[in-house]
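Take a look at the structure below.
Throughout, protein chains are lettered first and strands after them, A, B, ... in sequence-line order, and every chain is numbered starting at 1. Values reported hereafter were calculated over all heavy atoms of this structure, with side chains retained and with hydrogens, waters and symmetry mates removed.
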There are 2 protein chains.
Amino acid sequence: MTRTDPEALAFAQHDHGACAADALDYARGVCEQQGLRLTPVRERVLQLLLESHNALGAYDLLEKLKADGLGSQPPVAYRALEFLVAHGFAHKIERLNAFVACSRTHSGHSPAFMICRQCHQVAEAHATLASGKLGQAAKSIGFKIEKTVIEAEGLCPACQGSGA
Amino acid sequence: MTRTDPEALAFAQHDHGACAADALDYARGVCEQQGLRLTPVRERVLQLLLESHNALGAYDLLEKLKADGLGSQPPVAYRALEFLVAHGFAHKIERLNAFVACSRTHSGHSPAFMICRQCHQVAEAHATLASGKLGQAAKSIGFKIEKTVIEAEGLCPACQGSGA
DNA sequence: TAATGTTATGTTATAATATTACATCTCCAG
DNA sequence: CTGGAGATGTAATATTATAACATAACATTA
């Protein structure tokens, strides 16, 4: 149940099948430890997210759930996503109204994302809770940060080469 | 056409009518200089955004435009917003799917926002293009950042007091 | 095991956000 | 005054998300 935790895995070469399988095992372990129920719908949604380095929309997921004989109505997907996000197994990419599996091994982080506008892959990095200047500004005016959304849009290394 | 540019104006006491009027004058000046057409719809949308320290959704704006005898269909609002965002007079808050007037005086900045989950006011701060760690991570893997979304959600000073 | 409470799922309906497509109008350059 | 570009008006529709309620699965304990 240990996992490596490199920066920006999505944009690097790796054995993706193994990476997804490991992550799923890891999630199962965490759920067992914490008494969380990784039900079939939830597990399948996580698996689908893990299989993709692209962010997936709720309706993309829903189609695949339907194909599996699981629920076919929006709340099914949204509820599974809510669970996964609440417990840190997935994140919502606000810019895209879509979701990615979390690629971290420790909880309590504040994630940051790099979104390639060309190939639509999304890589997760770590940010300090209140990244530099924003943290300062918040502190100086007395704003209490509870959650941060930090997303960078641009071109990944591969897409910069291929005539973007 | 000069404007002050304090941090997080929204959460501070100020003469809001004057602040909005100044900002509108400023925008008019910029448009004239740059040959941009601040048409009635666009100007009215900017004015509406400036009058509110809350983010406004496209349909909120649309209702008000309708009341003014301007267009009443979604594209009217979205087009005005597109113009305002493209030219830096407004920003979209991705977390809220809503829009705020820009409170800056110089272009080319990368804005950051503090969103109060209680009173829903939104304050704009400045961030360095690639705030700290994210910039580092991007650089190290060769991701080219074109745009950043940096939004912090939490409690503003006033709402921390009032039994949040 | 039956009764009960809680959590998760299924399903219908609808709300909220956003875009496409096309017709019309306005303004300015020529 | 006319042609073209940009802006607006409008209808239709796509996409994203939630509310509300019925049913099913699971856990506890009487």
Side-chain angles (χ1 to χ4, degrees), chain A residues 27-28 31-32 34-46 48-49 54-87 89-100 115 120 122 149 151, chain B residues 27-28 31-32 34-49 54-87 89-100 115 120 149 151:
Chain A
R28 276 194 275 251
C31 286
E32 188 151 354
Q34 303 188 8
L36 302 172
R37 294 171 58 187
L38 191 59
T39 61
V41 176
R42 292 168 178 176
E43 179 168 328
R44 183 68 180 128
V45 169
L46 179 54
L48 290 166
L49 292 177
N54 289 28
L56 298 176
Y59 285 75
D60 296 333
L61 292 163
L62 199 54
E63 269 185 33
K64 305 191 188 201
L65 290 178
K66 198 174 187 170
D68 290 354
L70 299 164
S72 64
Q73 300 301 321
V76 173
Y78 282 104
R79 285 192 290 229
L81 289 165
E82 184 182 31
F83 170 88
L84 294 172
V85 169
H87 295 96
F89 301 118
H91 300 291
K92 180 169 188 181
I93 306 297
E94 299 289 345
R95 190 72 212 288
L96 303 176
N97 295 319
F99 300 82
V100 292
I115 306 165
H120 302 114
V122 175
V149 173
E151 298 170 1
Chain B
R28 276 195 274 251
C31 286
E32 187 150 355
Q34 303 187 8
L36 301 172
R37 294 171 59 184
L38 192 60
T39 61
V41 176
R42 292 168 179 176
E43 179 168 329
R44 183 68 181 126
V45 169
L46 179 54
Q47 191 175 42
L48 290 166
L49 292 176
N54 289 29
L56 297 177
Y59 285 76
D60 296 332
L61 292 163
L62 198 55
E63 269 184 35
K64 304 190 189 200
L65 290 178
K66 200 174 186 168
D68 291 354
L70 298 164
S72 65
Q73 300 300 321
V76 173
Y78 282 104
R79 285 192 290 230
L81 288 166
E82 184 182 30
F83 170 88
L84 294 172
V85 169
H87 296 98
F89 300 118
H91 300 291
K92 179 169 187 180
I93 306 296
E94 298 289 345
R95 189 73 212 288
L96 303 176
N97 295 319
F99 300 81
V100 292
I115 306 165
H120 301 114
V149 173
E151 297 170 4

Within the 4.0 Å heavy-atom criterion, would you say A:Lys92 contacts the bases, only the backbone, or no part of the nucleic acid?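 Sugar-phosphate: the residue A:Lys92, judged by heavy atoms under 4.0 Å, touches backbone atoms but no base.
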So do [Y] and [X] actually touch side chain to side chain, heavy atoms under 4.5 Å?
X        : Y       : answer
B:Val100 : B:Lys92 : no
A:Val122 : A:Asn54 : no
A:Phe83  : A:Leu36 : yes

Identify all side-chain donor-acceptor contacts of residues 60-76 of chain B below 3.5 Å with residues at least two apart in sequence or on another chain.
| residue | atom | partner | partner atom | Å |
| --- | --- | --- | --- | --- |
| B:Asp60 | OD2 | B:Gly57 | N | 2.9 |
| B:Asp68 | OD2 | B:Arg44 | NE | 2.3 |
| B:Asp68 | OD2 | B:Arg44 | NH2 | 3.4 |

I need the OH-C1' distance between A:Tyr78 and C:dG10, as an integer number of Å.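 One finds 17 Å between C1' of C:dG10 and OH of A:Tyr78, rounded.
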Rounded to the nearest Å, what distance is computed from the CG atom of residue A:Asn97 to the C1' atom of nucleotide C:dA16?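 For the pair A:Asn97 CG and C:dA16 C1', the rounded distance is 11 Å.
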Mind listing the closest non-hydrogen atom pair of B:Glu94 and B:Glu151 along with its distance?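 Minimum heavy-atom contact is N-OE2, 2.7 Å.
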Detail all sub-3.5 Å separations between protein N/O atoms and N/O atoms belonging to nucleotides 6-9 of chain C.
| residue | atom | partner | partner atom | Å |
| --- | --- | --- | --- | --- |
| C:dA8 | OP1 | A:Arg42 | NH1 | 3.1 |
| C:dA8 | OP1 | A:Arg42 | NH2 | 3.3 |
| C:dA8 | O5' | A:Arg42 | NH2 | 3.3 |
| C:dT9 | OP1 | A:Thr39 | OG1 | 2.6 |

Please test A:Phe89 against A:Leu49 for side-chain contact (heavy atoms from CB on, under 4.5 Å), starting from the C-alpha separation and ending with a verdict. CA-CA 10 Å; A:Phe89 301 118; A:Leu49 292 177; over 6 Å; no
Nucleotide interval of DNA chain D bounded by contacts with chain A (heavy-atom cut-off, under 4.0 Å):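 Footprint of chain A along DNA chain D, 5' to 3': D:dT16 to D:dC26.
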CZ on A:Phe99 to CG on A:Leu84, rounded to 0.5 Å: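 Rounded to the nearest 0.5 Å, the CG-CZ separation comes to 10.0 Å.
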Between A:Ala58 and B:Pro74, which is nearer to the 5' end of DNA chain D once each is assigned its nearest nucleotide?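 Closest to the 5' end, via its nearest nucleotide, is B:Pro74.
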If each of A:Tyr59 and B:Asp60 is mapped to the nucleotide of DNA chain C with the nearest heavy atom, which maps nearer the 5' terminus, i.e. the 5' end?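 Result of the comparison: A:Tyr59.
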Backbone N/O of A:Arg37 and side chain of A:Arg42: donor-acceptor pair under 3.5 Å: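 Yes: the side chain of A:Arg42 pairs with the backbone of A:Arg37.
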